Amino acid sequence: MNSIKKRVIMHIDFDYFYAQCEELRNTSIKDKPVVVCVYSARGNDAGAVSTANYNARRYGVKSGMPIRFAKQRLKYTNAIFLPVDHAYYDEISNKAMEIIRSFADKFEYVGDDEAYIDVSNTTNGDFDKARELALIIKNEIRRVLHLSISIGVAPNKLIAKIASGYQKPDGLTIVKPSEVNNFIADMNVDAIVGIGKKTRERLIEMNIRTIKELAKLDVYTLMNEFGRKNGIYLYNSSRGIDEEEVKEEQTVTQFSKIITLKEDKNDINYMINDLNYLTNELHKIIVNNGYSFRNVGVIVVLNDLNIRSKSKSLKRISNSNEDLYNIAKTLLEDIMSDKPIVRRLGVKVSELVSSKGQDTLLKFIR
DNA sequence: GTATGCTTTCGGC
DNA sequence: TTACGGCCGAAAGCATAC
């Protein structure tokens, strides 16, 4: 029968992924706090924490934290600090994704440690079968790769994503269609992807904090307050409704490259070498992936960690290194006109067009 | 006024 | 006491056109 079938969507999330990878190749560190770090060029342990295992998290260590802060917190432990090794993590990620894909009707890669799969056909819309399948996937990933993952199973991507984070690590949370509304009712509105700080604050002003409170508003009020598109989105998602498909091919939208300067600079003349390096490296990435770009941006992080950015859309697409450098230089001159003290410098390109692409080309012919 | 698209900032991992 | 990456996509802010 080809009638309408209940959708069964899984969101799969690898637990503390980078740190877990490190535990894999050196099992002796497993019982210690493990902190995977991105060290900057400044030495002295300058840099930030990328991921930490749960032994480290118990001490309040979390991603984004300065490395030296993490060291302070773990001073009296036998903690292990390691530099990120993306090549190695990618290798493991690829193997894991291959296994997950083999169980999926449709597979969507989200990142190194995250994927959605649609298993509506495989499970015939049956959430009990879905639970068995999720356990099989977890077991298979554990058997082959010795890796633990968390899975959320739900009727759509929105709820599956919330469910995978509901119990971690090594979690499995099933939310059947009839359970969706109870599952989200008491959560804060920002559990919904798409509700950020501003929207949350505007809702708080309307005396709305939880999803069930949000669901009491009618769609006209929401459209009036947040615009047509956002209003409808809020109306639906507060009811656990989300029609987004699991997309086999999700397209890259930007590439960027950012570095921490060896020392703070407030003079563009001392930043030109770095800018040249960044645009050259970024250009290699663009070319290697077979893209052209229509937007160039420059990002600067000041010594007080405030951020400034400028970007520019091009009249026509380009893939030239000269264009990239010249535009980036102009943007940087603009940013540096009042001589702020700069700590980090980055360049990005967006509005990408695959050079081999067919359909994508059409919309750029004017 | 609203919808759309472009620019800038935010936030997760 | 302080301490601070490198990416990405999403959200927010703003400009422009009807």
Side-chain angles (χ1 to χ4, degrees), chain A residues 13-21 35-52 57 61-75 83-84 86 89-90 93 108-114 161 164-165 168 190-202 223-234 244 247 250-261 264 278 281-282 285 294-315 331 334-335 343-352 363:
Chain A
D13 206 299
F14 304 177
D15 302 321
Y16 63 101
F17 183 53
Y18 296 173
Q20 208 188 338
C21 288
V35 186
V36 178
C37 303
V38 183
Y39 292 96
S40 78
R42 298 202 168 187
N44 246 336
D45 284 338
V49 171
S50 184
T51 322
R57 291 184 196 194
V61 172
K62 50 188 175 186
S63 87
M65 173 181 278
I67 295 164
R68 290 179 63 190
F69 192 18
K71 287 213 164 165
Q72 180 67 27
R73 294 201 167 215
L74 294 168
K75 193 164 16 176
V84 286
H86 282 287
Y89 312 142
D90 281 350
S93 173
E108 178 175 335
Y109 172 88
V110 182
D112 266 353
D113 64 346
E114 222 180 301
K161 167 91 181 173
S164 73
K168 297 187 80 168
D190 57 3
I192 295 169
V193 187
I195 300 188
K197 193 176 164 215
K198 291 287 175 178
T199 308
R200 184 185 65 222
E201 280 170 4
R202 280 172 68 187
M223 287 197 292
N224 209 25
E225 192 69 26
F226 298 98
R228 187 185 159 79
K229 186 163 162 269
N230 292 333
I232 291 171
Y233 176 76
L234 292 179
E244 276 301 302
K247 293 185 209 64
Q250 80 300 357
T251 44
V252 194
T253 66
Q254 62 172 251
F255 293 115
S256 66
K257 182 88 188 160
I258 182 168
I259 52 163
T260 301
L261 304 178
D264 292 355
L278 286 168
E281 290 297 308
L282 187 56
I285 293 169
R294 210 180 77 98
N295 187 289
V296 177
V298 169
I299 308 101
V300 145
V301 180
L302 304 182
N303 66 334
D304 60 6
L305 301 185
N306 279 313
I307 293 169
R308 285 190 190 181
S309 64
K310 289 277 176 197
S311 68
K312 185 171 171 53
S313 284
L314 284 54
K315 294 252 170 15
L331 293 167
D334 191 1
I335 290 175
R343 180 185 179 90
R344 302 167 66 200
L345 175 64
V347 182
K348 71 154 188 174
V349 290
S350 56
E351 293 181 53
L352 301 175
K363 74 181 199 200

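Chain identifiers are assigned alphabetically (A, B, ...) following the order of the sequence lines, protein sequences preceding nucleic acid strands; residue numbering begins at 1 within each chain. This one's a predicted model, so the numbers in the text were calculated from it and none came from an experiment. Any value given below was found using the heavy atoms of this structure, including those in side chains, with hydrogens, waters and symmetry copies removed.
- Using atom P as the reference point in both dC13(B) and dC4(C), the two lie 24 Å apart (nearest Å).
- One atom, CD1 of I232(A), and another, P of dT2(B), lie 14 Å apart when rounded to the nearest Å.
- Donor-acceptor pairing under 3.5 Å is lacking for the side chains of Y89(A) and D113(A).
- With rounding to whole Å, Y18(A) atom OH is found 11 Å from dC8(C) atom C1'.
- Only one option out of N306(A), D304(A), L305(A) pairs with R343(A) in a side-chain contact (heavy atoms from CB on, under 4.5 Å); it is L305(A).
- Atom NZ in K310(A) sits about 17 Å away from atom P in dC6(B), given to the nearest Å.
- V193(A) comes within 4.0 angstrom of sugar-phosphate atoms only, judged by non-hydrogen atoms across all strands, and of no base.
- Contact annotation for D45(A): no contact, since no heavy-atom pair falls under 4.0 Å across all strands.
- Across all strands, S311(A) comes closer than 4.0 Å to base atoms (heavy-atom distances).
- Note on T51(A): nothing from the nucleic acid sits closer than 4.0 angstrom, heavy atoms only.
- Minimum heavy-atom separation, I335(A) to R308(A): O-NH1, 3.0 Å.
- What separates NZ of K315(A) from C1' of dC6(B) is a distance of 14 Å, to the nearest Å.
- When each of dT8(B), dG5(C), dA3(C) is scored by its nearest atom to the side-chain atoms of T260(A), the top-ranked nucleotide is dG5(C).
- Rounded to a whole Å, the OH atom of Y233(A) is 19 Å from the P atom of dA3(B).
- Atom CG of N230(A) is separated from atom C1' of dT2(B) by 13 Å (rounded to the nearest Å).
- Residue contacts for D113(A): at a heavy-atom cut-off of 4.0 Å it reaches the sugar-phosphate backbone alone, with no base atom in range.
- If F69(A) and T199(A) are placed on DNA chain C by their nearest nucleotide, the residue sitting closer to the 5' end is F69(A).
- Residue-level contact check: I259(A) touches the backbone only, with heavy atoms under 4.0 Å from sugar-phosphate atoms and none from bases.
- Rounded to whole Å, the distance from NZ on K161(A) to C1' on dG11(B) is 12 Å.
- Atom NZ in K168(A) sits roughly 7 Å away from atom P in dC13(B) (whole-Å rounding).
- Out of dG6(C), dT7(B), dA3(C), the shortest distance to the side chain of S313(A) is found at dT7(B).
- Residues T51(A) and F17(A) come closest through the heavy atom pair CG2-N, 4.2 Å.
- Contacts of T253(A) with the nucleic acid, taken as non-hydrogen atoms under 4.0 Å apart, involve only primed sugar atoms and P, OP1 or OP2.
- When distances run from any side-chain atom of I258(A) to the nucleotides dC7(C), dG9(C), dT2(C), the shortest one goes to dC7(C).
- G64(A) comes within contact range of at least one nucleobase, with a heavy-atom separation under 4.0 Å.
- Nucleic acid contact class of R344(A) (heavy atoms, under 4.0 Å, all strands): base.
- When distances run from any side-chain atom of V38(A) to the nucleotides dC8(C), dT2(C), dG5(C), the shortest one goes to dG5(C).
- Looking at every heavy atom in both residues, A52(A) comes nearest to V61(A) through CB-CG1, 3.8 Å.
- Using a 4.0 Å heavy-atom cutoff across all strands shown, S309(A) reaches at least one base atom of the nucleic acid.
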